[in-house]
Amino acid sequence: MMKQELEGNLLSPLPVVLVGANVKSRPNYLVIGYSSPFDFGRHIFFSLYKKRYTRIGIHENRTFSVNIPSENLLAETKICGSKSGRDFDKGSLFDTFYGALKTAPMIHQCPINMECEVTDILDYDPNEGIIGRVVKSYADSQCLVEGKLDWRKIHPIIWTTGGDFNYYRLGERINPEKDKTN
Ligand SMILES: Cc1cc2nc3c(=O)[nH]c(=O)nc-3n(C[C@H](O)[C@H](O)[C@H](O)COP(=O)(O)O)c2cc1C
């Protein structure tokens, strides 16, 4: 088979996340596609354009949240990824709760939430690499089976890059040992 050269980063697909921060004492949320676990999961890294309204709150409080929306939040996710908190109160779309850090707003309607404290900010003008330590993680109890997460119950929104800029859903669980049941 021939290899075709393509432009850009093809480390994809990735889950869509909603990053939250308090800006001027109001929760604000934006869609982040370029996020990653870092330091074997103890930290989270994401790319943030400097012009984002959410950035003001991240710099001010040195905290943020990472929320994983389910498919049923596609409409709200679309708003968080297209409207800026400068023009629209995105906090009003969700019920917000706070955890140990007190200043990282989390979305009750998202089945997975993490609160993070900023440890590093890398300047990659015109954007920044934000690195935060995961301080506490939360999951909806109905997404757990025997105390462990079952991702089939989360229905995350999967985002793809490399020219195919679309949303997908998570597929079935597969097992290399064919005779083992899932
Ligand atoms: C699928 C998708 C992925 C996105 N990924 C990023 C990202 O990684 N970094 C970023 O700065 N903006 C990203 N955005 C854009 C912001 O979510 C969007 O501009 C948002 O309205 C900014 O809100 P704010 O000004 O209230 O912070 C993405 C948008 C979409 C739809």
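Values below: every heavy atom of this structure, side chains too, minus hydrogens, waters and symmetry copies. First listed ligand is number 1; within each ligand, the first listed atom is number 1. What you see is a predicted model, and the numbers here were worked out from it, not measured in a lab.
- In this structure, of K78, R86, R52, K51, the residue bringing a heavy atom nearest to atom 10 (C) of ligand 1 is R52.
- Taking 4.0 Å as the cut-off between side-chain N and carboxylate O, D150 and K153 do not count as a salt-bridged pair.
- For the pair R62 and E117, the salt-bridge criterion is not met [side-chain N within less than 4.0 Å of a carboxylate O].
- The nearest heavy-atom contact from the protein to atom 8 (O) of ligand 1 is Y34 N, 3.2 Å.
- Here's the thing with Y29: none of its N/O atoms is less than 3.5 angstrom from an N/O atom of ligand 1.
- Under a 4.0 Å criterion applied to the non-hydrogen atoms of Y167, ligand 1 contributes the atoms 1 (C), 31 (C).
- For ligand 1, the polar-atom distance check against W159 finds no nitrogen or oxygen pair separated by under 3.5 Å.
- For atom 25 (O) of ligand 1, the closest heavy atom belonging to the protein is S84 OG, 2.7 Å.
- Note: F97 and Y138 have perpendicular aromatic rings, judged against thresholds of 30 and 60 degrees for the angle between ring planes.
- At the top of the distance list for atom 18 (C) of ligand 1, counting protein heavy atoms only, stands G81 O, 3.4 Å.
- Looking from atom 21 (O) of ligand 1 to the surrounding protein, the closest heavy atom is K83 O, 2.9 Å.
- A heavy-atom distance below 4.5 Å is found between the side chains of S137 and V134.
- Side-chain contact between L149 and I154 is present, with at least one heavy-atom pair separated by less than 4.5 Å.
- The shortest N/O to N/O separation between L48 and ligand 1 does not fall below 3.5 Å.
- Both V16 and F165 are assigned to one and the same hydrophobic cluster, defined by single-linkage of ILVMFWY side chains at heavy-atom distances under 4.5 Å.
- With hydrogens left out, the protein atom closest to atom 23 (O) of ligand 1 is K90 NZ, 2.9 Å, a heavy atom.
- In this comparison of S35, G85, C80, the heavy atom closest to atom 26 (O) of ligand 1 sits on G85.
- The pair K136-E115 does not meet the salt-bridge criterion, since no charged nitrogen lies less than 4.0 angstrom from a carboxylate oxygen.
- Of the listed residues (I157, V31, T160), the one carrying the non-hydrogen atom nearest atom 28 (C) of ligand 1 is V31.
- For the pair C116 and L101, the tightest heavy-atom approach, listed with the atom from each and the gap, is O-CD1, 3.3 Å.
- In this structure, V66 is a member of the same hydrophobic cluster as V118, with clusters built from ILVMFWY side-chain heavy atoms closer than 4.5 Å.
- Residue contact check for ligand 1: N28 places a non-hydrogen atom closer than 4.0 Å to it.
- Listed by number with element, the atoms of ligand 1 under 4.0 Å from a non-hydrogen atom of G33 are 3 (C), 4 (C), 5 (N), 6 (C), 7 (C), 8 (O).
- The nearest protein atom to atom 27 (O) of ligand 1, hydrogens excluded, is given as T54 OG1, 2.5 Å; this is a heavy-atom distance.
- Residue-ligand proximity, S47 to ligand 1, at heavy-atom distances under 4.0 Å covers atoms 7 (C), 8 (O), 9 (N), 10 (C), 11 (O).
- D164 approaches N166 most closely through the heavy-atom pair OD1-ND2, 2.7 Å.
- Of all the atoms in ligand 1, the ones that sit under 4.0 Å from a non-hydrogen atom of Y53 are 24 (P), 25 (O), 26 (O), 27 (O).
- Ring centers of F46 and F64: under 6.0 Å apart, within the cut-off.
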